[in-house]
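One structure is given here, and the rest of the page talks about it.
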Amino acid sequence: MVDNRYATALVIGSVLSLLATVYLSVAMGTHHWYQYHSQPASNDAKNNYSDLQKKFEGEEVNEGNYSDALFRLNGTLGLWWRCILVPFKEPDLIMTKCQAFTLPQQWETKYNSPGNIKSGEDLLRTYLWKCQFLLPLVSVGLVFLAALIGVCACLCRSITPTLFVGLLHLLAGLCSLATVCCFLTGMHLLHKISQLPEGMDYSPSWSLFLALVSSPLQIMAAALFIWAARSQRQHYTRMTAYRVA
């Protein structure tokens, strides 16, 4: 039997876990982790829209080319997507053009000068980029593993595995937080070594904040699961000792 307090903690923890997973999944699949705002382009710059667009597209485009397009064409950047604003038929109309990062691009080496192989490998940015790609997948995977263990615990009518479920949620929350930290650090380093257009502004966007919110939700769910498991076990131990006495 599970006490009402423990059952309530399990339900609230499950809801928090579900919300965190939804938030993180939406953040992973959208391109609004970082956004750039450039000044209105001059006539000469407008003539270069096609050149910038060609640099932005394709599987063989290097980091220097697509970063320059992001900086100059009011781009947005996510974990798996990058987007820019380009003219659509008429000069006054614009459309969002997005390009997904391929798997080779996710694993490509970063250089001290973006896109310049001769400048030497930037190990820190390389590993930060790989971590920001892998860690959210690990986080979601840990939550699904925890859910599977939780279902098995319900079928077995046992609360003991809940402690392991809580630990998995704690690890998932730390992975989500590490994802945001890796992304922000990587962007800071990229801006530091890039030639940014004059007057350009940049800031984190709502997808990043969704991922950031998912971390404390997972950690709170972990705390509830761990508390329920430990409290139920202590209660069971006291009841057993009472019956023996």
Side-chain angles (χ1 to χ4, degrees), residues 15-39 56 61 63-85 94-103 105-108 110 114 122 124-144 169-194 196-197 199-222:
V15 172
L16 292 176
S17 175
L18 178 61
L19 286 175
T21 304
V22 171
Y23 288 169
L24 184 58
S25 300
V26 171
M28 290 167 57
T30 51
H31 55 86
H32 289 279
W33 283 63
Y34 227 80
Q35 58 186 359
Y36 297 93
H37 301 284
S38 304
Q39 290 183 343
F56 179 80
V61 175
E63 182 187 28
N65 288 337
Y66 70 71
S67 295
D68 188 46
L70 287 172
F71 296 158
R72 299 179 184 278
L73 299 180
N74 296 302
T76 54
L77 180 67
L79 297 183
W80 296 349
W81 294 89
R82 59 184 188 270
C83 299
I84 54 174
L85 297 180
I94 58 175
M95 62 176 291
T96 301
K97 188 171 188 62
C98 295
Q99 183 76 27
F101 287 106
T102 62
L103 190 59
Q105 286 176 332
Q106 295 284 13
W107 289 98
E108 70 179 2
K110 304 299 178 183
D122 190 333
L124 179 57
R125 290 203 309 117
T126 298
Y127 286 113
L128 285 173
W129 186 276
K130 291 179 180 179
C131 287
Q132 76 182 34
F133 171 69
L134 288 175
L135 286 175
L137 297 177
V138 172
S139 178
V140 173
L142 289 173
V143 172
F144 277 106
H169 276 83
L170 179 60
L171 290 176
L174 294 177
C175 287
S176 299
L177 182 60
T179 300
V180 175
C181 294
C182 288
F183 183 85
L184 289 176
T185 304
M187 295 308 299
H188 173 73
L189 295 175
L190 174 63
H191 297 156
K192 191 174 180 180
I193 61 177
S194 300
L196 304 179
M200 186 201 71
D201 187 24
Y202 52 86
S203 62
S205 193
W206 59 267
S207 296
L208 183 141
F209 294 119
L210 276 182
L212 188 60
V213 169
S214 71
S215 177
L217 290 178
Q218 289 170 328
I219 293 174
M220 286 190 290

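Since we're looking at a predicted model, the values are computed, not measured. Both backbone and side-chain heavy atoms feed into the values below; hydrogens, waters and symmetry mates do not.
Nearest heavy atom pair, residue S38 against residue M200, reads OG-CG, 4.0 Å. Nearest heavy atoms, G78 versus F183: O-CE1, 4.4 Å. Of all heavy-atom pairs between A222 and H169, the closest is CB-CB, 3.7 Å. Across all their heavy atoms, S176 and L24 have their closest contact at OG-CD2, 3.5 Å. Residues C98 and W81 approach most closely at CB-CE3, 4.0 Å, considering heavy atoms. Between T126 and D122, the shortest heavy-atom contact is OG1-O, 2.8 Å.
Atom CD1 of I84 and atom NE2 of H31 lie 12.0 Å apart (nearest 0.5 Å). Taking CG from L184 and OG1 from T179, the interatomic distance works out to 11.0 Å, rounded to the nearest 0.5 Å. Separation of atoms SG (C131) and CZ (F133) is listed at 12.0 Å; rounding is to 0.5 Å. How far CD of Q105 is from CD of E63: 10.5 Å, rounded to the nearest 0.5 Å. Between the CE atom of M187 and the CH2 atom of W129 there is a distance of 7.5 Å, given to the nearest 0.5 Å. To the nearest 0.5 Å, atom CD of residue Q35 and atom CG of residue N74 are 9.5 Å apart.
The side chain to side chain contact (heavy atoms under 4.5 Å, CB included) check on A20 picks up S214, L217, Q218, with sequence neighbours excluded. The side chain to side chain contact (heavy atoms under 4.5 Å, CB included) check on L134 picks up W107, with sequence neighbours excluded. Not a single side-chain hydrogen bond (donor to acceptor under 3.5 Å, both in side chains) links S67 to another residue, sequence neighbours left out. Under the side chain to side chain contact (heavy atoms under 4.5 Å, CB included) criterion, S194 pairs with F71, P114, L190, L196, not counting sequence neighbours. Residues satisfying the ring-ring contact (aromatic ring centres under 6.0 Å, His included) test with H32, not counting sequence neighbours, are W206. Taking Y23 as the reference, nothing meets the ring-ring contact (aromatic ring centres under 6.0 Å, His included) condition, with sequence neighbours excluded.
Using bins of under 30°, 30° to 60° and over 60° for the plane-to-plane angle, the ring pair Y36/H191 lands in the perpendicular bin. Between F101 and Y66, the ring-plane angle classifies as perpendicular under the 30° and 60° cut-offs.
Of the possible donor and acceptor atoms, one in the side chain of T21 sits under 3.5 Å from a partner among the backbone N and O of S17. A donor-acceptor contact shorter than 3.5 Å links the side chain of W33 to the backbone of A27.
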Report the C-alpha separation of K110 and L189 in whole Å, then their side-chain angles, then the decisive distance to 0.1 Å, and conclude whether the side-chain contact (heavy atoms from CB on, under 4.5 Å) test is met.
CA-CA 11 Å; K110 304 299 178 183; L189 295 175; over 6 Å; no
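K130 forms a cation-pi arrangement with Y127, by the criterion of a distance under 6.0 Å to the ring centre and an angle within 45° of the ring axis.
Side-chain contact between P136 and L79 is present, with heavy atoms from C-beta onward closer than 4.5 Å.
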